[in-house]
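Predicted, not measured: the structure shown is a model, and the values here were computed from it. Order of the sequence lines sets the chain letters (A, B, ...), proteins ahead of strands, with each chain counted from 1.
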There are 2 protein chains.
Amino acid sequence: MASRGTAEEVRRANLSAVLRLLYVNGPSSRAVLARATGRNRSTMASLVADLVELGLAEERDPAALGVAGRPSPVVHVRPEVVAIAVNPEIDALTLGLVGLDGTVRRVIRHAYDRIPSVAEVLSITSAVLAGMEVELAALRVVGIGVAVPGQVQTAEGVVRNAPHLGWRDEPFAAPLTELSGLPVALANDAALGAWAEHRFGSGRGQDHLVYLNGGASGIGGGVIIAGALLGGTSGYAGEIGHIRIASSPALDSAGIAGTLESLVTRAELLAALGLDESSADRLATALLHTPPQPALAVAHRQLAHLGSAIAAVINILNPQVIALGGFLAALLAFDPDLLDREVAAATLAPSREGVRIVPADLSDRLLLVGAAGLAFEPLLRDPASFAR
Amino acid sequence: MASRGTAEEVRRANLSAVLRLLYVNGPSSRAVLARATGRNRSTMASLVADLVELGLAEERDPAALGVAGRPSPVVHVRPEVVAIAVNPEIDALTLGLVGLDGTVRRVIRHAYDRIPSVAEVLSITSAVLAGMEVELAALRVVGIGVAVPGQVQTAEGVVRNAPHLGWRDEPFAAPLTELSGLPVALANDAALGAWAEHRFGSGRGQDHLVYLNGGASGIGGGVIIAGALLGGTSGYAGEIGHIRIASSPALDSAGIAGTLESLVTRAELLAALGLDESSADRLATALLHTPPQPALAVAHRQLAHLGSAIAAVINILNPQVIALGGFLAALLAFDPDLLDREVAAATLAPSREGVRIVPADLSDRLLLVGAAGLAFEPLLRDPASFAR
DNA sequence: GAGTTATGTTTATGTCCACAACATTTACTC
DNA sequence: GAGTAAATGTTGTGGACATAAACATAACTC
């Protein structure tokens with residue numbers, strides 16, 4: 001009789017490990033995979049054969065050699081295996097078609113003139129998917145990952161509160177699955193940004209990373225602990241913008257006083273630089289090239305507050321890397337030494353040693369890669385269950 | 001030929017899972033273990049036989065029955081398997097002999113009249129161990145776990161900074177191993193307290209827990225995430241006492257201004273209650289029974305600050321339980337509603353729902369159980385490597 | 001005492017992987 | 001250009017482990 005149980009579990013774990021390696025590190029030879037996983041070469045032959053059989057991988061002739069030894073075909077992930085990334089924002093809905101090989105095949109941006117409802121976003125999404133029908137037919141779409149600017153009940157696929165979109169307690173995953181026939185996973189946008197930075201960005205390979213992103217609507221955060229995204233009990237973790245760091249009556253978007261988000265705002269910086277919202281992309285250059293005196297004062301004050309928040313994070317989490325995105329990256333570039341001093345003044349010495357504060361890679365594509373990563377997760381966890 | 005590799009790994013994982021279940025949940029029958037692990041009954045028979053063979057478990061006759069079905073011998077962890085817990089504090093060194101079955105067999109408290117050096121603590125420890133030689137000969141000591149009131153490089157077994165003991169960059173694990181011949185593991189005391197609360201205390205079974213302990217020397221913290229102790233990059237994580245929450249010139253023990261520890265102190269509470277340090281154990285009752293007006297004001301202010309810090313932790317980590325120990329538990333008992341309101345004012349609504357703020361169990365024994373748990377970890381991870 | 005229920009035990013079977021020996025293909029050396 | 005070293009792929013064998021199924025055992029129920 002069939003012996004399921006453990007043998008299957010072992011196989012699943014090994015297939016998962018191999019596919020993950022290919023996903024994270026890119027193409028490599030079987031021998032390299034065998035060493036990385038600690039399996040035997042003959043075992044790896046069988047595992048790769050399985051992945052090829054499942055339509056998830058393929059072997060190609062090796063490129064240039066230069067080393068002795070028998071040349072080894074290179075195992076690639078099949079680029080037709082894709083996920084759809086969805087990112088609803090205030091001004092536009094962005095959809096991306098992202099391959100398991102990491103390529104962003106297509107980005108579609110659909111601007112709207114007013115903030116959309118959930119129903120409208122769902123409708124636009126399914127319209128775009130309908131338009132892509134021919135393209136998708138030639139591919140293998142494993143799921144949809146959604147980056148939501150707000151707090152998300154990840155397990156249930158429900159948007160609890162996305163203040164800038166005005167969404168509260170809106171089921172999202174279930175209706176989108178209904179419309180698309182695809183599995184849908186949701187997460188907070190900054191959390192996915194953190195994950196993408198950790199996996200593919202400036203914090204690559206760092207197992208303990210904190211990501212802070214500053215945008216028009218506030219400050220979002222995401223935390224990677226031991227290589228995994230920190231979700232907390234319900235998936236709401238990482239809201240570093242809303243921690244109180246000072247005694248101040250200023251309120252943030254959630255109505256909390258004295259928080260990082262209330263004290264460090266892009267709007268104030270833009271105003272001090274004489275820019276308006278529409279020219280926000282010039283903030284970084286304006287700040288670096290002879291900014292007016294008032295802007296200097298604002299930037300210095302904001303850096304001090306940013307330092308306090310980062311210090312709190314360092315004391316609590318003892319991370320290796322703090323990645324700053326959006327206008328927080330501009331603040332960092334403006335005076336990294338000042339930020340370092342402010343952080344040093346509010347951290348315990350052992351905790352802060354070795355911590356690097358770096359700008360995030362921050363290409364908009366990275367967020368799509370993060371959302372797609374969310375959709376790829378079930379496939380990476382159990383490749384064998386994705387038989388065609 | 002021998003097939004090591006995977007088969008061994010599977011066995012190791014299964015043995016580990018079974019021993020962990022016994023350690024955490026206490027004695028249970030084989031059938032229960034089989035269901036809990038998802039293994040087959042015949043597999044469990046073999047696994048339990050291995051544990052018995054290794055001298056780690058034993059089967060005893062079932063107690064009262066009352067249910068139909070064949071009576072099942074109950075699998076117990078062998079109580080002779082023990083670890084030694086060590087906790088150096090300012091006023092005394094506490095050693096505990098803790099069984100794998102959870103019983104605290106013996107507690108030895110050695111008071112000193114001045115703060116000891118590392119060498120003195122090591123010397124006292126080995127003296128106590130020498131005195132216990134006969135007792136220990138009948139047992140099986142798997143290691144020593146040390147709870148240090150300060151920041152610890154867990155991997156290296158080095159105390160980086162224990163301000164109240166005046167220790168800086170002191171190797172501890174290596175010399176104690178040298179003296180005792182036993183493996184030694186170090187961790188921060190509050191971190192071990194958090195772990196013990198999560199495993200055996202008031203936060204039992206909660207996978208996301210934050211522990212805050214208030215003592216004479218300040219406020220320590222520990223964080224449990226997804227059932228595991230959060231160490232961070234080097235093991236320094238959890239220093240919640242040192243996060244800045246207000247604009248205040250008050251400095252804490254690390255010289256940082258406006259932190260939880262600088263604003264919420266036992267000394268100030270005691271002074272307002274007209275007590276001195278030596279009567280600290282009466283703080284809780286004094287606070288609950290008609291305290292003088294100034295003490296009320298102090299308690300209210302401290303509760304507000306405590307609320308800000310807890311709120312920051314909730315926003316960042318989205319935990320299920322906040323366990324408060326020491327005088328923080330007294331503050332909680334004094335006015336739980338006020339604390340709730342302060343927390344609510346500084347948290348995002350979704351994150352705070354379902355969070356319970358509870359007093360920690362806080363028996364001094366729990367810390368010893370935590371330190372012993374640290375020492376048991378290698379055994380629980382790979383029981384087969386502990387063949388006699 | 002017959003039936004029910006829950007558990008322990010025995011035996012046969014299947015899966016997966018490691019290992020070892022051999023095959024293949026390249027680069028390097030003289 | 002022949003021989004050697006290095007790296008990898010391939011094949012067959014064996015072993016460890018876990019499952020499944022049938023049977024055995026010991027309580028409870030009526």
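Atom CZ in R30(B) sits about 12 Å away from atom P in dT7(C), given to the nearest Å. Between the CZ atom of R35(B) and the P atom of dT19(D) there is a distance of 15 Å, given to the nearest Å. Taking atom CE of M44(B) as the reference point, atom C1' of dT19(D) lies 13 Å away to the nearest angstrom. One atom, CZ of R39(A), and another, C1' of dG9(D), lie 19 Å apart when rounded to the nearest Å. The separation between L47(B) atom CG and dA16(D) atom P is 16 Å, rounded to whole Å. Rounded to an integer number of Å, the gap from CZ of R11(B) to P of dA18(C) is 18 Å. In this structure, D61(A) places its CG atom 16 Å from P of dT8(D), rounding to the nearest Å. Taking atom CG on N40(A) and atom P on dG14(D), their separation rounds to 17 Å, with Å as the unit.
Of the possible polar contacts, none joining the S29(A) side chain to the S72(A) backbone as a donor-acceptor pair under 3.5 Å is found. Judged by distance alone, the side chain of Q320(A) and the main-chain N or O of L209(A) form no donor-acceptor pair under 3.5 Å.
In summary, the side chains of T6(B) and R11(A) do not present any donor paired with an acceptor at a separation below 3.5 Å, with no hydrogens or angles considered.
Residue contacts shown for S42(B) include a base, since a base heavy atom lies under 4.0 Å away.
In this structure, V146(A) and L374(A) have side chains that are not in contact, with every pair of non-hydrogen atoms separated by 4.5 Å or more. The side-chain heavy atoms of V75(A) and L51(A), taken from C-beta on, include no pair separated by under 4.5 Å.
Between dG9(D) and S72(A), a contact under 4.0 Å exists linking OP1 or OP2 to a side-chain N or O. Side-chain nitrogen and oxygen atoms of T6(B) include at least one within less than 4.0 Å of the OP1 or OP2 phosphate oxygen of dA18(C).
Note on R140(A) versus E80(A): no salt bridge recorded, every NZ/NE/NH1/NH2 to OD/OE distance being 4.0 Å or above.
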Side-chain donor-acceptor pairs of residues 13-24 of chain B under 3.5 Å, sequence neighbours excluded:
| unit_1 | atom_1 | unit_2 | atom_2 | d |
| --- | --- | --- | --- | --- |
| S16(B) | OG | L380(B) | O | 2.6 |
| R20(B) | NH2 | E377(B) | OE1 | 2.9 |
| R20(B) | NH2 | E377(B) | OE2 | 2.3 |

Using nucleotides 22-25 of chain C, report all nitrogen or oxygen pairs with the protein that are shorter than 3.5 Å.
| unit_1 | atom_1 | unit_2 | atom_2 | d |
| --- | --- | --- | --- | --- |
| dT25(C) | O2 | R70(A) | N | 3.1 |

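Only N14(A), listed by number, bring a heavy atom of residues 12-23 of chain A to less than 4.0 angstrom from any atom of DNA chain C.
Around atom CD of E53(B), no more than 12 heavy atoms belonging to other residues, nucleotides or ligands sit under 6.0 Å away.
Minimum heavy-atom separation, L366(B) to G201(B): CD2-CA, 4.3 Å.
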